Protein chains: 2
Amino acid sequence: MIYVKNRGIFRSSAAALRGNPLQQPVSRPPTKITCSACTLRDLCMPLGLSKGEMIQLEQLSSVKRAFKRGDFLYRNGTPFTSLYAIRMGFFKTQVLHEDGREQVTGFQMAGEVIGLDAISGDVHPCDAIALEDSEVCELPFAQLETLSRELPVLQRHLHKLMSREIVRDQSVMLLLGSMRAEERLAAFLLNLSERYAARGYSPTAFQLRMTRQEIGSHLGLKLETVSRTFSAFQENGLISVRSKSVELIDLPGLRAFFAQQTL
Amino acid sequence: MIYVKNRGIFRSSAAALRGNPLQQPVSRPPTKITCSACTLRDLCMPLGLSKGEMIQLEQLSSVKRAFKRGDFLYRNGTPFTSLYAIRMGFFKTQVLHEDGREQVTGFQMAGEVIGLDAISGDVHPCDAIALEDSEVCELPFAQLETLSRELPVLQRHLHKLMSREIVRDQSVMLLLGSMRAEERLAAFLLNLSERYAARGYSPTAFQLRMTRQEIGSHLGLKLETVSRTFSAFQENGLISVRSKSVELIDLPGLRAFFAQQTL
DNA sequence: TCGGAAGTTTGATATATGTCAAAAATCGTG
DNA sequence: CACGATTTTTGACATATATCAAACTTCCGA
């Protein structure tokens with residue numbers, strides 16, 4: 001099998017990377033698009049729609065938006081209007097504690113839908129930031145709700161999306177609550193690996209899109225611990241790391257970290 | 001203000017507590033009930049329904065079930081059919097890792113709806129166990145979906161329930177990922193306090209329904225650390241603990257744990 | 001292409017929390 | 001009501017990860 005080459009294609013200015021605090025979501029001329037024509041449809045929208053249902057789905061006035069590295073897709077406190085399906089690129093979501101602490105709640109890639117956490121409060125409870133140049137498809141939630149009253153398949157899909165998010169979060173809780181640094185990092189790498197594989201990229205060689213700091217924040221570790229653990233994995237022949245490039249050399253070995261009983 | 005006395009009323013056998021591994025959800029004769037007649041409606045079902053909508057809601061063939069302490073409401077791997085609104089009592093949900101590690105993902109009390117995480121996989125991904133004698137209202141999910149296509153208020157409510165669950169899980173992630181033992185425990189106590197207050201119980205004096213072990217599992221700590229931290233709080237005049245009875249003496253003091261910059 | 005900023009690695013040391021163990025308290029059942 | 005089981009408390013000690021610091025590498029824009 002040949003994998004699409006998985007490298008950062010876009011680079012942007014450091015200013016964009018740091019993110020202009022006041023800037024609105026970058027609005028390159030938003031393009032109207034239709035789900036039925038989207039190549040990612042299978043990942044983010046329901047499968048097996050009939051022709052008639054497909055036509056109904058067209059009613060969704062989804063708009064495509066582009067973001068540069070460092071741009072905010074949305075910000076904590078911003079009014080909630082839409083969900084966003086990632087068409088390409090890579091995002092992180094983070095919650096900030098008053099006192100400055102931050103927790104990266106997740107990393108999202110193409111085909112994933114983000115913003116579900118904002119439904120409950122009508123305001124985004126976290127930030128979503130592009131970690132590389134990205135494109136999202138904006139899905140106005142009110143329309144999504146209306147439409148899903150007519151399309152049970154869509155309704156069911158929406159419910160599954162939300163529920164899946166809950167399950168994912170619970171597995172992160174398990175990770176944070178009961179795993180050691182090595183296990184957390186192994187879990188993290190294996191998770192990335194699976195998700196790349198599901199998208200046709202190599203499951204064993206990829207570029208990390210996030211810093212050690214961000215990985216650490218997600219895994220409840222300090223960046224030094226992340227770095228050290230990477231190094232340790234490398235010494236043990238499990239992976240090969242060089243800054244942002246990772247190669248998973250011994251997948252079974254990485255998986256074995258879950259067998260080890262620390263209790 | 002006078003609070004309802006908040007004590008465990010029911011006691012049951014140790015056998016029940018430990019939970020018979022093979023036993024099905026205890027089925028005291030399930031009673032058919034209606035949401036409109038339920039005193040907890042405001043907590044678990046949408047507010048402000050018109051008379052007509054109320055009549056529609058009656059279509060939900062919800063059934064009341066009773067559980068003894070230690071009983072499983074549902075089990076990891078069990079087929080998903082219904083959500084459960086807790087009418088009274090107290091539950092914990094936990095995910096188990098193959099290797100025996102467990103993570104208590106949450107504690108649920110009256111008015112809360114559980115089982116949302118099972119929608120995505122048609123199977124419950126966790127266990128739900130009664131921590132005291134409890135009653136739930138079983139809400140067949142298929143009916144809930146059908147009905148919510150006709151009742152936008154219900155649809156919206158369902159979405160908010162799921163989204164709220166995501167937000168809650170994220171705040172637990174923040175807790176597990178970036179707080180110290182004292183902060184975690186303070187957050188835990190304050191959270192319980194608020195939830196008791198919302199139900200008309202005293203926000204400052206209550207019985208813990210869970211063991212130190214379970215608290216620790218939820219907070220990513222060992223039971224000894226939980227116990228020690230309780231003792232430390234007591235020495236500092238923040239709380240008074242005696243086994244399962246807790247009194248929060250200095251709420252501002254407890255809240256202050258979040259101001260302290262550990263970074 | 002170069003220089004400065006940001007990110008990464010590694011070392012030495014500190015510390016919060018885990019581990020092991022034993023006594024004390026509490027709880028539920030016979 | 002008392003006994004055994006479970007849970008809680010406390011102590012002594014171990015250890016994983018954090019902290020502080022400095023050198024090194026990578027990246028990006030001038």
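Just so it is clear, the model here is predicted, and its values are computed rather than measured. Lettering of chains follows the sequences in order, A, B, ..., and the numbering in each one begins at 1.
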Exercise. Between B:Arg199 and B:Tyr196, is NZ or CZ placed under 6.0 angstrom from the six-membered ring centre and within 45° of the ring axis?
Worked result: no
Exercise. Which residue lies toward the 5' end of DNA chain D, A:Lys244 or B:Gln213, if each is placed at its nearest nucleotide?
Worked result: B:Gln213
Exercise. What is the distance, rounded to the nearest whole Å, between atom CG of A:Leu208 and atom P of C:dG7?
Worked result: 14 Å
Seminar exercise, completed: Applying ring-ring contact (aromatic ring centres under 6.0 Å, His included) to B:Phe233 and not counting sequence neighbours gives B:Phe257
For this session: Assign B:Leu223 to base, sugar-phosphate, or nothing according to its heavy-atom contacts below 4.0 angstrom with the strands shown.
Result: base
Exercise. Is the base of D:dT19 touched by the side chain of A:Arg228 through a donor-acceptor pair closer than 3.5 angstrom?
Worked result: yes
Exercise. Looking for any heavy atom pair under 4.0 Å, which part of the strands does B:Gly220 touch: base, sugar-phosphate only, or nothing?
Worked result: sugar-phosphate
When the side chains of residues 186-193 of chain B are checked against the rest of the protein, which donor-acceptor pairs come out under 3.5 Å, sequence neighbours left out?
unit_1: B:Asn191; atom_1: OD1; unit_2: B:Arg195; atom_2: NH1; d: 2.9
unit_1: B:Ser193; atom_1: OG; unit_2: B:Pro203; atom_2: O; d: 2.7

Exercise. Hey, are the side chains of B:Phe107 and B:Met210 touching, using non-hydrogen atoms and a 4.5 Å cut-off?
Worked result: yes
Seminar exercise, completed: Side-chain contact check for A:Ser231: nearest option of D:dT8, D:dT19, C:dT10 is C:dT10
Exercise. Which whole-number value in Å describes the distance from B:Asp133 CG to C:dC27 P?
Worked result: 16 Å
For this session: Please state whether the phosphate of D:dT17, meaning OP1 or OP2, lies under 4.0 angstrom from any side-chain nitrogen or oxygen of A:Thr225.
Result: no
Exercise. Considering heavy-atom distances to DNA chain D, does A:Ala181 or B:Val226 have its closest nucleotide positioned more toward the 5' end?
Worked result: B:Val226
Exercise. Just how far, in rounded Å, is P of D:dA21 from CD of A:Glu224?
Worked result: 12 Å
Problem set entry | Protein-nucleotide distance (A:Phe230, atom CZ; D:dT26, atom P), rounded to Å | 15 Å
Exercise. Heavy atoms, side chains only, cut-off 4.5 Å: are B:His124 and B:Asn76 in contact?
Worked result: no
Problem set entry | Contact under 4.0 Å: A:Ser243 side-chain N or O vs D:dC27 OP1/OP2 | no
Exercise. If you look at every strand shown and take non-hydrogen atoms under 4.0 Å, does A:Arg242 touch a base, only sugar-phosphate, or nothing?
Worked result: sugar-phosphate
Problem set entry | Phosphate-side-chain proximity, B:Ser227 and D:dT7, N/O vs OP1/OP2 below 4.0 Å | no
Problem set entry | Closest to the B:Arg69 side chain, choosing from C:dC27, D:dT7, C:dT17 | C:dC27
Exercise. Quick one: A:Glu214 CD to C:dA6 P, roughly how many Å, whole number?
Worked result: 14 Å
Problem set entry | Interatomic distance, B:Leu131 CG vs C:dC27 P [rounded to whole Å] | 15 Å
For this session: Provide, to the nearest angstrom, the distance between the CE atom belonging to A:Met210 and the P atom belonging to C:dT8.
Result: 11 Å
Seminar exercise, completed: To the nearest angstrom, the CZ-P distance between B:Arg212 and C:dA24 comes to 19 Å
